[in-house]
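Per chain, numbering begins at 1; letters A, B, ... match sequence-line order.
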2 protein chains.
Amino acid sequence: MERSPVRPSRPETDAAAPQRVLDALRRDIILGALRPGARVTEAALAATYGVSRIPVREALRALEAEGFVESKPYAGSTVAKIPLDDAEDLFAVRGVIEATIARRAALRAAAHFTGEAPSTEWWTARRALAAILDDGDRAVAADALADLPDLNIRFHLGVAELSGSASLAALLRQISGKIEWLYAADVDNRGKQSWGEHRLIIAAIDAGNADEADRLMAGHVGSSQRGYMERFAAPDGTGTGAVGATGTDAAARG
Amino acid sequence: MERSPVRPSRPETDAAAPQRVLDALRRDIILGALRPGARVTEAALAATYGVSRIPVREALRALEAEGFVESKPYAGSTVAKIPLDDAEDLFAVRGVIEATIARRAALRAAAHFTGEAPSTEWWTARRALAAILDDGDRAVAADALADLPDLNIRFHLGVAELSGSASLAALLRQISGKIEWLYAADVDNRGKQSWGEHRLIIAAIDAGNADEADRLMAGHVGSSQRGYMERFAAPDGTGTGAVGATGTDAAARG
DNA sequence: CGCTGTGTTATTGAATACAATCACCGCTAC
DNA sequence: GTAGCGGTGATTGTATTCAATAACACAGCG
C-alpha cells in the first residue's frame with residue numbers, strides 16, 4: 001500500500017518519554033553502569049529506548065544541567081567525572097540546605113497549631129512521607145538494604161516538599177544526586193542505622209519545633225558525612241581534613 | 001502550488017542559538033520584561049528570535065530546570081512565581097555556598113605557596129577576575145551603577161571558578177539567578193559601597209588565608225542580605241524575622 | 001439565568017529529513 | 001620515522017510535518 005506523499009511517518013506523542021529516558025540514564029550513571037568518560041550518543045539511546053532522538057536530546061540536556069554529562073557542540077556527550085574532590089564541600093552545603101528545610105517545615109507545621117489550615121499539598125506531602133517511612137521500616141526489618149538508598153532520597157525530597165520551598169527543594173535535588181553518585185561509586189548504602197533517625201526528625205517537624213528539627217537534620221547529615229569520610233579517607237591531599245571549618249560548623253551545630 | 005518534493009527547507013545549524021535564546025529569555029524574566037504568570041509560547045519566541053521551535057524548546061527546558069518557568073504537558077509554559085517567600089532561606093544558603101567557595105579558593109592559592117604550580121585554568125580565572133575588578137572600579141568611578149549587577153554576578157562566579165569546584169559553581173549559578181531576580185523585582189542594584197569589599201576578599205584568597213576569606217565572604221553576603229531585608233521588610237507573616245537562626249548564623253559568623 | 005456538554009482552535013510533543021561540524025584514518029612530504 | 005594534511009565517516013544541530021492534548025467558546029438544556 002502506498003502511503004500518502006507527504007507523510008513519511010506518524011509521530012506518536014508520548015509526553016512521558018523524556019522523563020523515562022532521563023530517569024533511566026541518571027540511574028545508570030549514578031549506579032555505575034555508565035562509567036565517567038563513556039560516550040553517550042543520541043542515536044544509540046534512541047534505539048535503546050525505542051524513541052526518536054528528540055526526547056533523548058531533552059534528557060541529555062537536563063543531565064547536562066544537573067552536571068552528570070558534559071557536551072561539546074558537534075562533538076557529542078560524555079559522562080562527567082565524579083566530583084570526588086568536592087565531597088566534603090557538597091556535604092557541608094547539603095547540611096545547611098537540609099537543616100534549613102527541616103526548620104522551615106517545622107515552622108509551617110507550627111503555623112497549623114495557631115489556626116492556619118494545612119493546604120492540600122501539605123497533606124499530600126505528609127501522607128507520602130508517612131508511606132515512605134513505613135516502606136523504609138519494612139525494608140530495614142526485611143534486611144532489604146538495596147531499597148534504602150532510593151527510599152532515603154525520597155525521604156529527604158519529601159521533607160523538602162513539606163517545607164513548601166520550591167527553591168530549596170530544587171537545590172537539594174541537584175546536590176543530593178551528586179552525593180548519591182559519590183556513595184554509589186564504591187558502596188551502595190551506608191547501612192540502616194541512620195534510617196531510624198528519620199522518624200525523630202519528622203516528630204520534631206510535626207511538633208513545630210524548628211530548632212530541634214534543624215539540629216536533628218544537621219546531625220543526621222553530619223553523621224552521614226562522617227561515615228563517608230571514614231570510608232574514603234581522602235587519599236588526595238587537597239586540604240581535606242583542614243577544610244572542615246565550614247563543614248563541621250554546619251554538621252555539628254547544636 | 002506544489003512545492004519541491006522532498007526539500008521543504010534547508011536547516012541552518014547554529015549551535016549558539018539555544019544559548020542566545022536562553023540568555024535573552026532569562027534576562028527578560030529577571031529584569032521584569034516578562035512578568036510572572038505570563039504565557040511564553042514557543043512559536044512566538046521562535047518568530048521573535050528568527051529560529052525554529054527546537055532551539056526555543058531547549059531554552060525553555062533549561063529555564064524550567066533553573067526554576068524560572070513552569071511547564072505542563074500540552075498546556076504550555078508560563079513564567080514562574082518570584083520566590084519571595086524563600087528570600088531569607090536563599091540568602092542563608094547562598095552565604096554558606098559562597099563562604100565555602102572562598103575558603104576553597106584560598107586553600108588552592110595556599111597550595112601554590114608550597115610548591116604546587118598553578119594550573120592554566122587557574123591563571124585564566126584569576127586574570128578574568130582582575131579584569132572584572134578593574135571594570136567594576138571604573139563603573140563605580142563613573143557612577144555607571146547600571147553595570148554593577150552584571151559585574152557583581154560575574155565576580156562571584158569568577159571566584160567560584162577560582163575555587164576549582166564545578167559542583168559548587170553550579171549550585172551558586174542556580175541560586176544567584178534567583179537572588180538577582182529578587183533584587184530586580186523592585187530595585188535594580190544595592191549601591192556601590194559593597195563593591196569595594198570585593199578586593200579585600202580577593203586579597204585574602206591570594207594570600208591563602210582560608211579563614212579570612214570565609215569570614216569576609218560570609219559578611220559580604222550577609223550585608224547584602226540585610227540590605228534586602230531592610231528594603232522589603234517582609235510584608236507577609238510567613239515567619240520571616242524569626243526564621244533567622246540558620247540565616248544569621250551563616251551571615252554573621254565571624 | 002446558570003450549568004454542562006460538545007465542537008473548535010491553538011499549542012505542544014515527537015518523528016523524519018537535511019546541513020554542518022568534528023574526529024579519525026590513511027597518505028604524503030620531509 | 002615522524003609530522004602535517006586532506007578525505008571520509010560518524011554525529012550533532014535545526015527545520016519541517018503530523019499527532020495529541022488542553023483551553024476556550026458557544027449552544028443546548030435544566
Visitor: Without decimals, in angstroms, what is the distance between Arg57(B) CZ and dG13(D) C1'?
Guide: 15 Å
Visitor: If you look at every strand shown and take non-hydrogen atoms under 4.0 Å, does Val56(A) touch a base, only sugar-phosphate, or nothing?
Guide: nothing
Visitor: If you pin Ala75(A) and Ser77(B) to their nearest nucleotides in DNA chain C, which one's is more 5'?
Guide: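 In this pair, the answer is Ser77(B).
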Visitor: Between dC18(D) atom P and Ile54(A) atom CD1, what is the distance in whole Å?
Guide: 16 Å
Visitor: Quickly work out the Glu58(A) CD to dT12(C) C1' distance and round it to whole Å.
Guide: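 Rounded to the whole Å, the gap is 11 Å.
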Visitor: Would you call Glu58(A) and Arg57(B) a salt bridge, using N to O less than 4.0 angstrom?
Guide: yes
Visitor: What is the distance, to the nearest angstrom, from the CD atom on Gln19(B) to the P atom on dT14(D)?
Guide: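 Going from Gln19(B) (CD) to dT14(D) (P), I get 11 Å.
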Visitor: Between P on dA10(C) and NZ on Lys72(B), what's the gap in Å once rounded to a whole number?
Guide: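 About 20 Å, once rounded to whole Å.
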Visitor: Regarding Thr41(A), tell me which of base, sugar-phosphate or nothing describes its non-hydrogen contacts under 4.0 Å with the strands shown.
Guide: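 Touches sugar-phosphate only.
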Visitor: Would you mind reporting whether Ile101(A) and Leu162(A) have side-chain heavy atoms less than 4.5 Å apart?
Guide: no
Visitor: Would you sort out whether Ser165(A) and Asp86(B) count as a side chain to side chain donor-acceptor pair (under 3.5 Å), showing the intermediate values?
Guide: CA-CA 6 Å; Ser165(A) 169; Asp86(B) 301 347; 3.2 Å; yes
Visitor: Would you classify Arg39(B) as touching base, sugar-phosphate or nothing, given that sugar-phosphate means primed atoms plus P, OP1 and OP2, and contacts are heavy atoms under 4.0 Å?
Guide: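 Nothing: the residue Arg39(B), judged by heavy atoms under 4.0 Å, touches no strand.
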Visitor: Rounded to the Å, how far apart are Leu60(A) CG and dT11(D) P?
Guide: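 Taking CG of Leu60(A) and P of dT11(D), I get 14 Å after rounding.
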Visitor: Atom OH of Tyr74(A) and atom P of dA20(C): how far apart are they, to the nearest Å?
Guide: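 From Tyr74(A) OH to dA20(C) P: 9 Å.
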Visitor: Can you check the Glu70(A) CD to dT12(D) P distance for me, whole Å?
Guide: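 The distance from CD of Glu70(A) to P of dT12(D) comes to 16 Å, rounded to the nearest Å.
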Visitor: Describe, in one word, how the ring planes of Trp122(A) and His112(A) are oriented to each other, choosing from parallel (under 30°), tilted (30 to 60°) and perpendicular (over 60°).
Guide: perpendicular
Visitor: From the set dG13(D), dT16(C), dT12(C), return the single nucleotide nearest to any side-chain atom of Glu42(A).
Guide: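 Nearest to the side chain of Glu42(A) among the choices is dG13(D).
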